[in-house]
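Please read these numbers as outputs of a predicted model, since none were measured by experiment. Throughout, protein chains are lettered first and strands after them, A, B, ... in sequence-line order, and every chain is numbered starting at 1. Any value given below was found using the heavy atoms of this structure, including those in side chains, with hydrogens, waters and symmetry copies removed.
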Amino acid sequence: MKKRTHTCGGLRGGDAGSVVVLNGWVASTRDHGGVSFIDLRDRHGITQVVVDSAAVPGAVGLRSEDVVCVEGEVRLRPAESRNPNRPTGDVEVVARGVTVLNRSKTPPFEITDKTTVREDLRLEYRYLDLRRKALSDNIEFRHRMCHSIRNSLSGHGFLEIETPLLIKTTPEGARDFIVPSRLHPGEVYALPQSPQLFKQVLMVSGMDRYFQICKCLRDEDLRADRQPEFTQIDLEMSFVDQEDVFFVVEDMLKTLWKDLTGAALSAPFPRLSYDECMRRFGNDKPDVRFGLELFDIGDIAAGCGFKVFSDVAASKGGSVKGICLPDGAALSRKEIDETEAVAKTHGAKGLAWIKLTPDGPQGPVAKFLSPNDVARIAERAGAKTGDLLVFVAAPFETTCAALAQVRLHFGRTRKLIDTSRNAFLWVVDFPMFGWNEDDKRWEAKHHMFTSTKGAMPNLGDDLSDVKANLYDLVLNGNEIASGSIRIHRPEDQQKVFDLVGFSRAEAETKFGWFLRALDYGAPPHGGIALGLDRLVMLMRGAESLRDVIAFPKTASGTCLLTTSPSPADDRQWADLGLQLRPKPAP
RNA sequence: GGGGGCGUAGCGCAAUUGGUUAGCGCACCAGACUGUCGAUCUGGUGGUUGCGGGUUCGAGUCCCGUCGCCCUCGCCA
């Protein structure tokens with residue numbers, strides 16, 4: 001094999017006259033009898049090779065995806081046959097010799113930029129799919145992101161430190177992937193949901209600033225934006241407060257955008273409290289590239305003649321909120337029904353609506369409301385004639401969730417979103433605790449190692465107003481990072497365990513090793529983790545995580561390339577001291 | 001665990017109310033052609049309609065079950 005002197009994307013007009021060697025895959029052939037053309041492809045591009053069929057017999061019978069070596073002279077193409085759609089379109093390589101390095105079977109699908117092939121087939125033949133430029137460009141982009149991130153964090157004094165994959169299983173949070181131990185039958189390792197405790201221990205070790213681009217694994221159901229194994233940019237810093245973490249992340253992202261897109265991000269990013277997010281947008285990861293903010297009409301609803309509103313307004317925890325869609329009175333009944341379906345999917349029993357027409361308010365709800373109530377609602381909504389008002393009356397969380405989705409639905413379908421913007425937003429002052437209705441107890445909303453703002457509450461207190469030093473970074477309505485300032489004093493950590501009903505005995509069994517570390521001079525510390533896959537997806541405008549991961553899993557957690565998971569054989573079970581339970585009878 | 005969508009040739013799709021031998025484009029095979037670049041032209045091969053069962057004189061089409069893929073709710077500290 002002659003080694004390549006250039007890639008298939010590298011030759012330009014200035015190379016005319018030089019003799020080169022190219023190695024690559026046959027993308028296509030066009031045989032004209034006496035002369036034929038070969039498009040030779042590698043990751044870098046496509047270069048046209050011209051073959052005089054009589055003089056260069058090696059090129060006869062080449063088929064798509066054959067791997068070949070071409071030696072020849074670079075020549076400027078005749079002016080009328082240049083291809084302006086390709087960077088290499090001004091030149092061609094006149095073949096002197098063509099060697100087949102390896103033949104290819106006819107591939108199950110064509111390797112083209114615009115693919116319409118079923119995704120499961122592409123996943124089964126992922127190595128062929130990855131030859132497509134759209135996909136290989138994503139993978140290259142991801143590499144350059146990691147490079148930029150490493151440079152940036154290294155410049156801020158961070159050390160990249162690996163943490164173990166086989167770790168101790170942790171209670172709460174996502175379901176752990178479990179790895180049975182052969183040397184200790186009946187005992188298991190867990191795969192990390194994140195390196196959380198290890199990075200905190202690294203702070204106790206005095207490592208000062210740690211980061212890692214690491215795999216995290218969670219045994220939960222998948223989505224287009226959720227894989228069972230995913231990658232985080234994980235970092236932790238000592239002797240810092242929230243602002244120090246924000247500064248590092250903002251600077252890292254500014255560098256990232258500059259390196260990869262050339263765009264200048266403006267920082268610091270805006271900050272919004274969790275409470276304000278919920279009030280104005282209905283969720284804690286708002287897309288702030290458009291308006292349509294929620295308004296509250298609980299007071300008006302309480303005294304109105306519409307029982308659905310007044311009953312909810314009078315109930316404990318009930319909330320009546322609305323959104324005003326400018327010029328929405330023109331919406332068809334079908335469009336409104338589709339909007340209601342969105343609200344129902346997210347828990348609302350229905351979607352009340354009023355069209356403000358020149359002939360007065362219209363809609364099934366309008367007749368239950370007095371003209372005065374409608375006027376007060378319209379004023380609060382900032383609505384004018386021609387607008388559409390929609391309302392949800394439900395428990396606060398449901399109202400927020402449903403209207404947040406309705407807002408997004410309107411944003412997308414009415415094309416209200418300025419997609420040229422990068423709307424970063426820090427969401428701060430999250431609640432520390434949430435009430436778990438199933439288990440009838442308080443639990444940590446993020447994790448139990450997050451510090452609270454102000455003094456620790458006492459056992460038996462209402463914990464719903466306790467705020468945490470907990471923050472998320474949101475980009476265009478997507479949560480891309482989450483972190484906190486941690487607890488560093490063992491007595492505070494014990495207090496949190498007590499508050500969430502985590503017994504001393506259990507705390508000792510599960511976290512004793514970590515609590516002991518806090519006993520030996522743990523510095524104040526905090527950190528954050530960014531979802532790398534989601535960040536790549538957003539920066540590339542990809543629709544699925546699968547388009548930015550080389551070897552992704554399907555929605556049911558399988559790998560179609562390798563056909564995993566697959567049954568373990570008897571010997572493997574025996575080594576582990578395990579046996580399968582019989583399937584329960586149907 | 002729930003809801004929705006899809007599954008027909010290697011790939012992408014079509015097939016009227018349940019009715020003739022399941023078609024079309026690309027790919028593939030053979031041939032022609034010295035300037036193509038989604039080459040073109042001529043001819044050709046290729047089907048367990050995901051799988052199993054049922055209804056029917058007759059099923060790609062209707063019914064039941066099952067498998068796979070995609071989206072989604074729950075879930076994901």
Side-chain angles (χ1 to χ4, degrees), chain A residues 27-41 46-55 61 63-65 75 77-86 88-89 92 94 105-125 128 170-176 193-194 196-197 216-228 230 341-342 344-347 401-402 405 430-434 436 438 442-450 468 470 472 479 482-484 496 500 502 529 531 543-544 546 553-558 560 563 586:
Chain A
S28 72
T29 59
R30 294 175 293 278
D31 186 352
H32 289 254
V35 66
S36 61
F37 303 94
I38 304 166
D39 282 346
L40 200 62
R41 180 191 63 233
I46 290 179
T47 297
Q48 173 166 287
V49 176
V50 191
V51 181
D52 181 329
S53 310
R63 290 154 33 100
S64 291
E65 306 311 320
R75 180 170 76 186
R77 297 197 198 181
E80 66 279 8
S81 24
R82 292 184 186 169
N83 185 343
N85 300 320
R86 272 186 201 154
T88 60
E92 58 196 1
V94 184
K105 293 172 72 171
T106 302
F109 53 86
E110 291 173 69
I111 316 294
T112 61
D113 290 348
K114 302 178 285 264
T115 187
T116 50
V117 181
R118 321 193 292 276
E119 195 178 13
D120 51 340
L121 192 77
R122 290 167 42 205
L123 290 172
E124 184 181 344
Y125 295 91
L128 297 180
T170 51
E172 309 221 339
R175 189 179 295 111
D176 279 333
Q193 299 173 28
S194 79
Q196 183 61 36
L197 295 179
C216 300
L217 302 106
R218 297 177 187 178
D219 191 2
E220 298 290 349
D221 286 2
L222 285 75
R223 288 284 192 287
D225 63 349
R226 250 163 47 193
Q227 285 270 312
F230 59 99
V342 171
K344 282 182 168 174
T345 302
H346 291 86
Q405 293 305 130
F430 274 78
M432 175 74 192
F433 300 100
N436 184 323
D438 291 341
W442 292 98
E443 61 188 11
K445 252 199 151 148
H446 182 59
H447 57 54
M448 293 187 285
F449 315 104
T450 304
L470 170 56
D472 279 2
E479 180 194 324
S482 187
S484 63
V496 170
V500 300
F502 206 61
E543 287 185 0
S544 163
R546 295 185 296 274
K553 302 280 192 290
T554 67
S556 63
T558 65
L560 296 178
T563 66

Whole-Å C1' distance, B/C28 and B/G35: 26 Å

Beyond-backbone contact of A/Gln193 with A/Thr170, side-chain heavy atoms, under 4.5 angstrom: yes

A/Arg118 vs B/G5: side-chain N/O to OP1/OP2 distance below 4.0 Å: no

Sugar-phosphate, base or nothing in reach of A/Leu121, heavy atoms under 4.0 Å: sugar-phosphate

A/Leu560 CG - B/C70 C1' separation (whole Å): 12 Å

Identified pairing partner of B/U49, criterion: Watson-Crick or G-U wobble below 3.5 Å: none

Sugar-phosphate only, base, or nothing, as touched by A/Ser36 at under 4.0 Å among non-hydrogen atoms: nothing

Given B/C76, B/U72, B/C71, the nucleotide with the shortest approach to the side chain of A/Arg223: B/U72

Options B/G35, B/C11, B/C70, nucleotide nearest the side-chain atoms of A/Glu119: B/C70

Interatomic distance where CD belongs to A/Gln227 and C1' belongs to B/C75 [whole Å]: 16 Å

Non-hydrogen side-chain atoms of A/Lys445 and A/Thr450 separated by less than 4.5 Å: no

Complement of B/C75, any strand, by Watson-Crick or G-U distances under 3.5 angstrom: none

Under 4.0 angstrom between A/His32 side-chain N/O and B/U40 OP1 or OP2: no

Nearest listed nucleotide, side chain of A/Thr116, among B/C76, B/U34, B/G12: B/G12

Rounded distance in Å between the P positions of B/G12 and B/C6: 16 Å

Side-chain N or O of A/Arg175 closer than 4.0 Å to phosphate OP1/OP2 of B/C75: no

Separation between CZ of A/Arg218 and CZ of A/Phe230, rounded to the nearest 0.5 Å: 3.5 Å

Protein-nucleotide distance (A/Arg122, atom CZ; B/C70, atom P), rounded to Å: 11 Å

Pair of N/O donor and acceptor under 3.5 Å linking B/C76 base with A/Arg226 side chain: yes

Rounded distance in Å between the P positions of B/C26 and B/G18: 32 Å

G-U wobble or Watson-Crick pairing nucleotide for B/U40 (cut-off 3.5 Å, both distances): B/A32

Integer angstrom distance from the C1' of B/G10 to that of B/G3: 34 Å

Any donor-acceptor pair under 3.5 Å from A/Glu92 side chain to A/Val50 backbone: no

Span that lies between the P atom of B/G7 and that of B/U49, in whole angstrom: 15 Å

Rounded distance (Å) that lies between atom P of B/C13 and atom CZ of A/Phe109: 15 Å

A/Ile111 side chain near A/Arg41 side chain, heavy-atom distance below 4.5 Å: yes

Contact under 4.0 Å: A/Thr554 side-chain N or O vs B/C69 OP1/OP2: yes

From B/G35, B/C71, B/C33, nucleotide with atom closest to A/Asp31 side chain: B/C33

Interatomic distance at C1', B/U42 relative to B/G50, whole Å: 37 Å

Selection from B/G10, B/U36, B/C11 that lies nearest to any side-chain heavy atom of A/Pro108: B/G10

Flag, side chain of A/Thr88 to backbone of A/Ile46, donor-acceptor distance under 3.5 Å: yes

Atom-to-atom span, CG of A/Asp52 to P of B/U34 - whole angstrom: 11 Å

Contact check, side chains of A/Arg86 and A/Asp39, non-hydrogen atoms, under 4.5 Å: yes

Distance-only donor-acceptor test, A/Glu92 side-chain atoms vs B/G35 base atoms, 3.5 Å: yes

A/Ala224 side chain, from C-beta outward: closest of B/C28, B/C71, B/C26: B/C71

Distance in angstrom units between A/Ile38 CD1 and B/G38 P, rounded: 17 Å

Beyond-backbone contact of A/Val500 with A/Met448, side-chain heavy atoms, under 4.5 angstrom: yes

B/C73 and B/U17, which share atom name P, separated by this distance in whole Å: 36 Å

Nearest-angstrom distance from the residue atom CG of A/Asp120 to P of B/G50: 14 Å

Earlier contact from the 5' end, RNA chain B, for A/Ala174 and A/Arg75: A/Arg75

Complementary nucleotide of B/G19, counting Watson-Crick and G-U pairs under 3.5 Å: B/C57

Candidates B/C26, B/C37, B/A39 - which lies nearest the side chain of A/Ser28: B/A39

Sugar-phosphate, base or nothing in reach of A/Thr112, heavy atoms under 4.0 Å: nothing

Test item: A/Leu560 and A/Thr554 side chains (from C-beta on) under 4.5 Å apart, heavy atoms: yes

Separation of atom NZ in A/Lys344 from atom P in B/G74, rounded to whole Å: 17 Å

P atoms of B/A59 and B/C69, separation to the nearest Å: 30 Å

Earlier contact from the 5' end, RNA chain B, for A/Arg218 and A/Asp39: A/Asp39

Presence of A/Arg82 side-chain N/O under 4.0 Å of B/G35 phosphate oxygens OP1/OP2: no

Nearest listed nucleotide, side chain of A/Asp221, among B/G74, B/G35, B/C11: B/G74

Touch class at under 4.0 angstrom, heavy-atom based, for A/Arg41 against every strand present: nothing

Short side-chain N/O contact to B/A39 OP1/OP2 from A/Arg30, under 4.0 Å: yes

